[in-house]
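Everything below concerns the one structure shown next.
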2 protein chains.
Amino acid sequence: MRIGELSRRSGVPVPTVKYYVREGLLPPGRLTSPNQASYDEGHENRLRLIRALLDVGGLSLSAIAEVLGAVDDPAQPVHKVLGVAAKRITPAEGDEVGPELIDAREDVAALLERRGWRAEADCPAGQALAGVLAALRRAGHGGFVELLDVYADAAEPVARADLDYVGRRVAREDLVESVVVGTVLGEAMFAALRRLAHVDASARAYRDEGGQG
Amino acid sequence: MRIGELSRRSGVPVPTVKYYVREGLLPPGRLTSPNQASYDEGHENRLRLIRALLDVGGLSLSAIAEVLGAVDDPAQPVHKVLGVAAKRITPAEGDEVGPELIDAREDVAALLERRGWRAEADCPAGQALAGVLAALRRAGHGGFVELLDVYADAAEPVARADLDYVGRRVAREDLVESVVVGTVLGEAMFAALRRLAHVDASARAYRDEGGQG
DNA sequence: GGATAGTGGAAAGCACTACTATCCATAATG
DNA sequence: CATTATGGATAGTAGTGCTTTCCACTATCC
């Protein structure tokens, strides 16, 4: 197929497709003559993936380019790709170390110890968590940190299900892509479910008060 | 205190504080003379809240302005404020209705039915969920949708804990702010925990294989 | 009282992101 | 053979989140 059909089938405007190719997000089409190229379903799938990560996952194009570049490089071991993904998926905290952040890091270490989680406190996810805890305290909502274990209880089965889902993949590229999609879109899926559950919970709690939550 | 001290205590540069005042995110200081104003702890807290929502929550300044404006307006009933928050927290999906979105809406309605959740399928959270499901299918990862119930099981206790946390507030403004903070930063907190749990789960699953996940 | 630093307010400028528009020579299509 | 589409390049654009610069004025220190 040529770029027009690719555009129609993916819903992405032609100039935008060209832009993605320029930016290295999408491989160029196979040239059939000096100014004609053909695209296949791989291009279409890649385009849909880009739009999902961009629109729903909220990743930046540069983050997507980096992640997809690692996915496409067969020389990259799987865990390196996931490292890239983990770094680029995290909103990239400022590096100012205040007292709240020091406390928060201790909280994270204590949580890992308490739950017996086999993870380093200073891995990207641990740093992200510490950043959130510090922000909560700085914003005057340190009390929210008490919910850590409730949240962690909920995160465990979700993480197991995620791993089980990606574990069904055999091809390296499929596996890596599943992890990226699962991590990014799974986050959005849980967030939406949590807000739906808020609506339900407050409908139950304030049954006759006209919807407080 | 004057703007310099406010800046030092909050870590936000003076021109940025001025900018936030201009944009209506932060109320102006109380003028003590034509070109001197004084700020109090309320300003400091508000600044920390803005930075938390911006840096950790990933909200845009315009979304923050809208949410805070509703929080500050005592005439706004609580549930209206939450409506504003819900709308602005969601990444604002495109409005293109494809076959995947129609299927996804049915999935959401079925989920609510199945679980007995008291929420409308077309509320902001429901639309957000449908958007995610549709994006998963479009990206070729419709299988991930099978995890919906695992995720929903996890979301329920989290939502109950959230409501319990905000339920301890008495003053209207405290309550509303708690909901906003809880919704936005709670999302970030769960996301980080989930990724930490991924690290743990894959350390267990691939114990001696050099860290596959 | 005089130098220095800080202040409120306004305006302009800037870096970045994600496109969008325009142009061109060439190629496919009816 | 006219119309439309294509690949490729360059330039322009809208929005976001600041940052810079300017000004007259005020506070502070010696």
Side-chain angles (χ1 to χ4, degrees), chain A residues 1-40 43-44 46-68 88 91-94 96, chain B residues 1-40 43 46-47 49-68 88 91-94 96:
Chain A
M1 96 186 86
R2 289 183 300 163
I3 203 171
E5 192 179 345
L6 179 61
S7 166
R8 243 174 296 112
R9 284 164 56 148
S10 64
V12 178
V14 170
T16 304
V17 173
K18 288 181 175 182
Y19 170 66
Y20 288 168
V21 172
R22 275 204 308 283
E23 296 294 305
L25 288 161
L26 190 67
R30 188 175 45 84
L31 279 178
T32 57
S33 68
N35 69 341
Q36 291 292 298
S38 85
Y39 302 84
D40 57 20
H43 289 94
E44 191 183 336
R46 176 53 60 95
L47 259 182
R48 291 181 196 281
L49 177 59
I50 292 169
R51 296 314 290 231
L53 295 178
L54 184 67
D55 295 340
V56 180
L59 296 201
S60 68
L61 287 187
S62 62
I64 295 171
E66 207 169 315
V67 170
L68 293 184
R88 302 309 323 237
E93 281 285 319
E96 208 178 330
Chain B
M1 92 186 88
R2 288 182 300 162
I3 203 170
E5 192 179 346
L6 179 62
S7 166
R8 243 173 295 113
R9 284 165 54 148
S10 64
V12 178
V14 170
T16 304
V17 174
K18 289 181 175 182
Y19 170 68
Y20 289 166
V21 172
R22 273 204 310 283
E23 297 295 303
L25 288 161
L26 190 67
R30 189 175 43 85
L31 280 177
T32 57
S33 69
N35 69 342
Q36 292 292 300
S38 86
Y39 302 84
D40 58 20
H43 290 94
R46 176 53 61 95
L47 260 183
L49 177 58
I50 292 170
R51 297 313 292 231
L53 295 178
L54 184 68
D55 296 338
V56 179
L59 296 201
S60 69
L61 287 187
S62 62
I64 295 172
E66 208 169 313
V67 171
L68 292 183
R88 302 309 324 237
E93 281 285 318
E96 208 178 330

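Residue numbers begin at 1 in each chain, while the letters A, B, ... track the order of the sequences.
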Of the listed nucleotides (C/dT20, C/dA28, C/dA18), which one gets closest to any side-chain atom of A/Q36? C/dA28
Identity of whatever pairs with C/dG13 - Watson-Crick or G-U, under 3.5 angstrom: D/dC18
Is there a donor-acceptor pair closer than 3.5 Å between any side-chain N or O of A/H43 and the backbone N or O of A/L26? no
Taken to the nearest whole Å, NZ/B/K18 to C1'/C/dA12 is 14 Å
Contacted region of DNA chain D by chain B, from 5' end to 3' end of the hits, cut-off under 4.0 Å to heavy atoms, spans D/dG17 to D/dA27
For atom CG of B/N35 and atom C1' of C/dA5, their distance in whole Å: 13 Å
State whether A/S33 places a side-chain N or O below 4.0 Å from either non-bridging phosphate oxygen (OP1 or OP2) of C/dT26. no
For A/I64 and C/dT17, what is the distance between atoms CD1 and P respectively, to the nearest whole Å? 13 Å
Can you tell me how far NZ of B/K18 sits from CD of B/E23, rounded to the nearest 0.5 angstrom? 14.5 Å
For B/L68 versus B/L25, what's the shortest heavy-atom pair and its separation? CD1-O, 3.9 Å
Can you tell me if B/S10 uses its side chain to pair, donor with acceptor, with the backbone of B/L6 under 3.5 Å? yes
For B/G58, is there any backbone N or O sitting under 3.5 Å from a side-chain donor or acceptor partner on B/D55? no
For the residue pair A/R46 and A/Y39, confirm or rule out a side-chain donor-acceptor distance under 3.5 Å. no
Does B/Y19 make a side-chain N or O approach to OP1 or OP2 of C/dA12 shorter than 4.0 Å? no
If you find the nucleotide of DNA chain C closest to A/P34 and the one closest to A/Y20, which residue's nucleotide is nearer the 5' end? A/Y20
Rounded to whole Å, how long is the line connecting atom CD1 of A/I3 with atom P of C/dA28? 15 Å
A/R22 CZ to C/dT17 P: how many Å, rounded? 15 Å
Could you pull out the closest heavy-atom pair between A/L47 and A/V17, with the gap in Å? CD1-CG2, 4.0 Å
Residue A/R2, side-chain atoms from C-beta onward, closest of C/dA27, C/dA28, C/dC19: C/dA28
